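Scroll down for the structure; my scribbles are underneath it.
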Number of protein chains: 2
Amino acid sequence: MPRQRDESGESTHERILRVAAEVFARKGYHGAGVAELGEAAGLKRGALYYHIGSKEDLLYDLSKRHVEEALQRGRVVVDSDLHPVDKLRALAREHVQTIAARRDEVIVVLREMHALTGKRARQLGKLRDEHQNLFARVLEEGVEQGVFRSADHVTVLGVLGILNWSYVWYDAEKGPLTPDQVADRLIDIVIYGELASPRSAGRNGRQLEAPAPVQR
Amino acid sequence: MPRQRDESGESTHERILRVAAEVFARKGYHGAGVAELGEAAGLKRGALYYHIGSKEDLLYDLSKRHVEEALQRGRVVVDSDLHPVDKLRALAREHVQTIAARRDEVIVVLREMHALTGKRARQLGKLRDEHQNLFARVLEEGVEQGVFRSADHVTVLGVLGILNWSYVWYDAEKGPLTPDQVADRLIDIVIYGELASPRSAGRNGRQLEAPAPVQR
DNA sequence: GCACTAATGTACTGATCGGTCAATCAGGAG
DNA sequence: CTCCTGATTGACCGATCAGTACATTAGTGC
């Protein structure tokens, strides 16, 4: 095996996955042709198929690797002994950092997930659920310690949603905010809410107290 | 013009838009062929092209109509004289109701937006921005009246994100929660935060007060 | 030089892509 | 009946689709 890796130490397969993320993010899975994927990697179709099994393999391998790595980083945070508030913040920072640093992959995972079929779709769905459970566990810990109000399904998906949605609008290279600043701002909303202090905001006898905790 | 409309009063063009939303939502814009779109509407390719200009026209018309209608419903809420908290809640309910009732269209608008090209993409982007501004205006009103803490860009997109993300997971026919219940739960997070009362949660001298308001 | 293998390009498959076209059909108006 | 118009069909366009087969190149160990 002569030159499996180029001067930067990246194998052809790794290069293909990297450029495929960019192409899939820009044109969509079905919108990108195999010839286009090869061209982006500097290969003709025939050579490309020497390195990959199929176009769907590309999408699956790319997505699986991304989610597994995010899962691994998230587990380190969840397994730490931080205070629930700090743990939620750390997990959110990790999440937005990933979105900022590997936006192409995030776009593909979140937007083209449904292009996977059969067993592949199920396996990636399981990985995605595991990652979602990281947030559920942090919230549950908080509820047990009397720090958070609720950890029900909708709350977990709400937290995940407010963070995930940043993949649509956050461009780390354009915006003035760092990933950590964005994560902090979003998680502040979730933790403290947008309501100003009842002292200054209450008027007309309006009820501005927080609602009762939600049942799990 | 004999039978432009069938017995239910739906024109062929309207029927095409309706079934196209379902097909695009299931297979994606690039993943669905025009033959498949026609078949879903009970037409051959040739007949389909008698009613539409192009495949992209279909996506554009479908998306434009959806966003314009959502925009119109949202404006009614924003132009009302509700208290900012109630107005935000009403806007959120309207939003989740739309997601629940016309999920196919929402999926297409949010997921296949990027398949539009040129002027079409720009025009729809403008409409989307107008809809986003509804949330910005409600938050700004709240800040002016001392009710909300901030109305900066990230806050607006955070609120929009926590609501929008429900299009990924909320199935009105499966879940036990009504759209209004989901919207209320999500908007409670935004308004009050997930932090339990500082009285019961504070410990070790931990700072559990809300952070300072964010600058616009 | 020789043999081996990783890697690549070229050429091909059958199918489908979005879109167009002329011919035709169905039904109401005169 | 004739004429008109809305609606539909099926054939056809060139291009591209994902995937395969095979010969060729390039580099290594001997």
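Letters A, B, ... mirror the listed sequences (proteins, then strands); counts begin at 1. What you are looking at is a predicted structure, and each value in this text was computed from that prediction instead of being measured.
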Check every strand shown and say whether B:Lys55 touches a base, only sugar-phosphate, or nothing at a heavy-atom separation below 4.0 Å. sugar-phosphate
Pairing of [X] and [Y] as salt bridge, 4.0 angstrom limit:
X: B:Lys27; Y: B:Glu22; answer: no
X: A:Arg185; Y: B:Asp152; answer: yes
X: A:Asp188; Y: A:Arg89; answer: yes
X: B:Arg65; Y: B:Glu105; answer: yes

Is any N or O donor-acceptor pair between the side chain of B:Arg45 and the base of C:dG19 shorter than 3.5 Å? yes
Between B:Ala35 and A:Gly46, which has a closest nucleotide on DNA chain C that is more 5'? A:Gly46
Looking at C:dT8, I'd like to know if its phosphate oxygens (OP1 or OP2) sit under 4.0 Å from a side-chain N or O belonging to A:His51. yes
Between the first and last five pairs of the helix from C:dG1-D:dC30 to C:dG30-D:dC1, the angle of the axes, rounded to 10 degrees: 10°
Candidate nucleotides D:dT8, C:dA7, C:dG9, ranked by approach to the side chain of A:Tyr50 - the nearest: C:dA7
With ring centroids as reference points, do B:His131 and B:His95 lie under 6.0 angstrom apart? yes
To the nearest 0.5 angstrom, please state how far the CD atom of B:Gln145 sits from the NE2 atom of B:His83. 6.5 Å
